[in-house]
Amino acid sequence: MTVGFLGLGVMGRPMALNLVRAGTGLTVWNRSPAAAEALRAEGATVAADPAGVFARSEVVLMMLADDGVADRVLGRDTAAFGDLVAGRTLVHMGTTAPAWSRGLAEQVHDAGGRYVEAPVSGSRVPAETAQLVAMLAGADDDLDRVAPLLRPMCRETVRCGPVPNGLLMKLAVNTFLISMVTGLAEAFHFAGRHRLDPACLLAALDAGPMASPVSRLKGRKLLDRDFTVQASIRDVLYNNRLIVEAAERAGIPSPLLDACLELYAETSAAGHAAEDMAAVIRALESRSH
């Protein structure tokens with residue numbers, strides 16, 4: 001099966017590299033051409049534009065920044081969109097509003113294509129080590145075809161039902177993730193203000209029942225003040241907004257994520273949008289002055 005990949009950013013590049021290293025015949029494209037050179041060196045074909053990816057691929061995986069970027073890349077407001085997706089399976093692996101994904105699915109089907117949601121849980125390191133978890137949604141026969149293609153990138157795949165359940169599940173997972181990392185940052189801030197040794201805090205957390213790969217990774221970053229990006233403040237703020245908006249549409253409260261939204265917005269506005277989400281501790285520190 002010929003496979004295409006759109007979007008070679010922080011997540012997409014290592015994901016695509018894992019595919020091509022596993023022997024997948026891959027055609028890639030990225031808005032910034034330099035990002036594709038590592039894929040070319042590994043044997044992937046680099047297309048000049050998205051149309052070149054679709055022309056060479058039966059299945060096209062899409063890992064783009066947001067829905068606006070995806071609309072432009074796919075040319076959804078042009079006559080060319082139907083020609084791109086007809087007879088092909090488009091797999092949306094990024095994070096967008098569920099309602100947007102549902103609309104895209106309908107448009108792809110109307111054009112004679114197939115559509116699968118496969119948003120992934122995990123940041124840069126799990127992407128590099130093929131430890132992502134994909135949440136699949138779509139028709140069963142489409143999921144049967146797509147799931148094996150994801151194995152070089154994903155430790156697990158979870159079937160969630162019809163579109164847009166994959167993205168709704170991703171937002172549910174991110175509700176816990178954002179709350180957890182923000183709580184961890186608050187714990188480090190609390191300990192610091194009480195003049196506790198942050199290394200002792202990390203040791204206590206790592207030894208206790210709440211320890212997880214995320215707490216160990218982000219706890220170390222907080223201890224070392226290492227905000228090198230794995231999941232950026234910018235991306236977490238975007239995801240946080242999607243969660244709050246989806247909650248509002250459903251008429252349900254989201255008090256924890258409402259508070260997190262303010263903190264990540266403050267961190268971003270202070271000039272730290274490109275740093276790792278652990279840098280949300282900066283907003284807590286600013287409020288303490």
Would you confirm whether [X], through its side chain, and [Y], through its main-chain N or O, come within 3.5 Å as a donor-acceptor pair?
X    : Y    : value
R56  : G52  : yes
R88  : L84  : yes
S57  : G4   : yes
N18  : T129 : no
N165 : C160 : yes
T78  : G75  : yes
S212 : S215 : yes
H109 : A105 : yes
K170 : V120 : yes
H194 : F190 : yes

Heavy-atom neighbours of [X] [atom1] exceed 12 at 6.0 Å:
X    : atom1 : value
R282 : CZ    : yes
M62  : CE    : yes
R114 : CZ    : no
M210 : CE    : no
R193 : CZ    : yes

Indicate yes or no: at least one non-hydrogen side-chain atom of [X] is less than 4.5 angstrom from one of [Y].
X    : Y    : value
L6   : V73  : yes
C154 : V133 : no
L39  : V20  : yes
L202 : R216 : no

Notebook entry, point to check: CZ of R76 to CG of D67: how many Å apart, nearest 0.5 Å?
Noted result: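 So the CZ of R76 and the CG of D67 are separated by 8.5 Å.
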
Next item on the list: Please round to the nearest 0.5 Å and tell me the distance separating atom CD of E262 and atom OG1 of T182.
Entry: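 Interatomic distance, E262 CD to T182 OG1, rounded to 0.5 Å: 12.0 Å.
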
Is there a path from [X] to [Y] through hydrophobic residues (I, L, V, M, F, W, Y) whose side chains come within less than 4.5 Å of each other?
X    : Y    : answer
M135 : V163 : no
L8   : M93  : yes
L150 : V60  : no
M153 : L143 : yes
V91  : L136 : yes

Check: Between D77 and R72, is there a salt bridge with N-O shorter than 4.0 Å?
Finding: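 No, this pair does not count.
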
Notebook entry, point to check: Between R102 and E106, is the closest basic N to carboxylate O distance under 4.0 Å?
Noted result: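 The answer is no: the pair does not qualify as a salt bridge.
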
Check: Which residues, ordered by chain and number, are linked to L171 in its hydrophobic cluster, where ILVMFWY side chains connect at heavy-atom gaps below 4.5 Å, directly or through other members?
Finding: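 Same cluster as L171: F176, L177, I178, M180, V181, V214, I233, V236, L237, Y238, L242, I243, V244, L256, L257, L261, L263, Y264, M277, V280, L284.
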
Checklist line | Hydrophobic cluster partners of V10 (side-chain heavy atoms under 4.5 Å) | finding: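 In the cluster with V10 there is nothing else; it is isolated.
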
Check: Does one side chain, of T89 or R145, offer a donor that lies under 3.5 Å from an acceptor on the other?
Finding: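 There is such a pair (donor and acceptor under 3.5 Å, judged by atom type) between the side chains of T89 and R145.
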
Note to self: We want to know whether T96 and H92 form a side-chain donor-acceptor pair, criterion being a heavy-atom distance below 3.5 angstrom.
What the structure shows: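 Side chains of T96 and H92: pair found under 3.5 Å.
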
Checklist line | Pairs satisfying side-chain hydrogen bond (donor to acceptor under 3.5 Å, both in side chains), at least one member in residues 21-35, at least two apart | finding: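 Counting only pairs at least two positions apart or across chains, the side-chain hydrogen bond (donor to acceptor under 3.5 Å, both in side chains) contacts touching residues 21-35 are R21-E42.
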
Check: Would D144 and R159 satisfy salt bridge (charged side-chain N to carboxylate O under 4.0 Å, His left out), going step by step from the backbone distance to the final call?
Finding: CA-CA 10 Å; D144 290 341; R159 297 196 179 198; 2.7 Å; yes

Note to self: Apply side chain to side chain contact (heavy atoms under 4.5 Å, CB included) to residues F5 and V53 and explain how you reach the verdict.
What the structure shows: CA-CA 7 Å; F5 203 105; V53 173; over 6 Å; no

Next item on the list: Give the C-alpha distance, both sets of side-chain angles, the deciding distance and a yes or no for side chain to side chain contact (heavy atoms under 4.5 Å, CB included) between L104 and F81.
Entry: CA-CA 11 Å; L104 178 58; F81 173 82; 3.9 Å; yes

Notebook entry, point to check: Which is it for R287 and E266 under the salt bridge (charged side-chain N to carboxylate O under 4.0 Å, His left out) test, yes or no, and what are the steps along the way?
Noted result: CA-CA 10 Å; R287 290 186 180 192; E266 289 171 21; 2.6 Å; yes

